[in-house]
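Worksheet: one structure, shown below.
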Amino acid sequence: MQLNQRRKFVKQLLVTSLTGLTFSNVATPSALGAPVSVEDESYWENLKKQFSVPNDYVMMNAANLCPSPALVQDKVQELTKALNKDVSFQYRALFSSIRKKSVTLLAQFMGADESEVGITRNTSESNCMIVHGLDLKPGDEVIIWDQNHPSNNDAWLSQAKRVGFIVKKISVPADPKSVQDLLQPFTTAITSNTKLIAFSHLSNVSGLALPAKEICQMAKARGIMTLVDGAQSFGSMSINLHDMECSFYTASTHKWLMGPFENGLLYIQKDYFNRIWPAVIGGGWKEATTVDQQLCVLGQRNDPSPAALPEILAFHETIGRKNIESRIVELNTYLKQQIKSKIPMATFVTPASPQFSGGIVIFNLPGKEIHEINDRLYHKYKIAAAPSGGIRLSPHIYNTRKDVDYVVKAIGELAG
Ligand SMILES: Cc1ncc(COP(=O)(O)O)c(C=O)c1O
């Protein structure tokens, strides 16, 4: 056999052994199918079995960390085992081609071109890549929302100290009545020096959803860039980034996408590609024309994690992205209604309207300390919530109406 032929043969063998891994006892997405209707509770009860959360626990913490269905867990584990058997350069090289596939599929999922998408480790890293990679000068202005995550808020303030640009922090009404109510604080803050508006699509501390498309289009029309932090929208809302017209979008796969753990997304609309300097340069980097190759060469990675992305994307497509979004809205609306009717003392932080909210419900119980309630929910009732802006619940498609009823009953008891 010629050397070239031998190389090709070995490569083929490796591809077969990597892609031919089998996953026992795991329903494939196609076996699962889509729900006939979003109200079909038995479908969601059945889907819940795809997750390894024990029956006596209720996970309502997707806004923080989200469990993965078994097929994703198994894929990561199988690939991890395979990699532990063969850590050669040759075998590892195969992960690059799987990563390319993940980038292509992510781009399709987000309504972007594949050259515009890169895989980082999490939203924080992606946000900071924009903050630290963009050339701004003294006197330039950046508008941020006071409900942004620290990685899109403190990060700008810290960089402003170093560079000398100005950061303007704005607030929006807590209970908006119209898109205009949410748009106006941003438009009012704009001056001729404004270069960028950075905001969370959906706030992790209030559950309020901003009209991302309207803000981005308004900014674009004025020549202003936008950074949309999609940590709480990616996977829970059906998004199309070209349609949204943002300049930059960031997210994590370990939240609403349902895994795999520790991947971030970085989207840079192609007109802004040359505006961002690489913040990290790892081995093998060279000047490139795609976001993944130019900005996301971060050194040694846990390769099985991005390699399992096609599994979760197929899972979403099979259930249907619109069905997932509708089910999340349905569960959240039901949760709000139940809290309102069964626990009258509860005060909501999150707007009641589904138009201005998403997968997160935050409320307070006057006179009760949120960390204490959060601990009692977990230790006494085995409910995972979060003490973030109030008592934060984030039901996802692996939750059922029964879970919501159980959670509301537990909170009612704790409210006294
Ligand atoms: C809006 C928002 N942005 C960024 C992050 C940070 O995400 P990660 O920890 O995956 O970097 C979070 C985490 O909750 C968030 O809610």
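Values below: all heavy atoms of this structure, side chains included; hydrogens, waters and symmetry mates excluded. Both ligands and their constituent atoms are indexed starting at 1 by order of listing. As the structure is a prediction and not an experimental result, all values here were calculated from the model.
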Can you list the residues that meet the ring-ring contact (aromatic ring centres under 6.0 Å, His included) rule with F109, with sequence neighbours excluded? F234, H316

Distance-only donor-acceptor hits, side chain of residues 407-416, under 3.5 Å, sequence neighbours excluded:
residue : atom : partner : partner atom : Å
K409    : NZ   : E413    : OE2          : 3.4
E413    : OE1  : Y381    : OH           : 2.6

Please check if the side chain of N332 supplies one atom and the backbone of V329 the other of a donor-acceptor pair under 3.5 Å. no

Under 3.5 Å, side-chain donor or acceptor atoms of residues 256-265 against the rest of the protein: list the pairs with distances, not counting sequence neighbours.
residue : atom : partner : partner atom : Å
W256    : NE1  : Q232    : OE1          : 2.8
N263    : ND2  : T253    : OG1          : 3.4
N263    : ND2  : S305    : OG           : 2.9

Do we see a donor-acceptor contact under 3.5 Å between the side chains of D229 and N127? yes

Check each N or O atom of ligand 1 against all protein N or O atoms and list the pairs under 3.5 Å, with atom names and distances to 0.1 Å, one per line.
residue  : atom   : partner : partner atom : Å
ligand 1 : 3 (N)  : D229    : OD1          : 3.2
ligand 1 : 3 (N)  : D229    : OD2          : 2.6
ligand 1 : 10 (O) : S252    : OG           : 2.6
ligand 1 : 10 (O) : H254    : NE2          : 2.8
ligand 1 : 11 (O) : N122    : OD1          : 3.4
ligand 1 : 11 (O) : T123    : N            : 3.3
ligand 1 : 11 (O) : S124    : N            : 2.9
ligand 1 : 11 (O) : S124    : OG           : 2.6
ligand 1 : 14 (O) : K255    : NZ           : 3.1
ligand 1 : 16 (O) : Q232    : NE2          : 2.7

Would a 4.5 Å heavy-atom cut-off, applied to side chains only, mark Y398 and P69 as touching? no

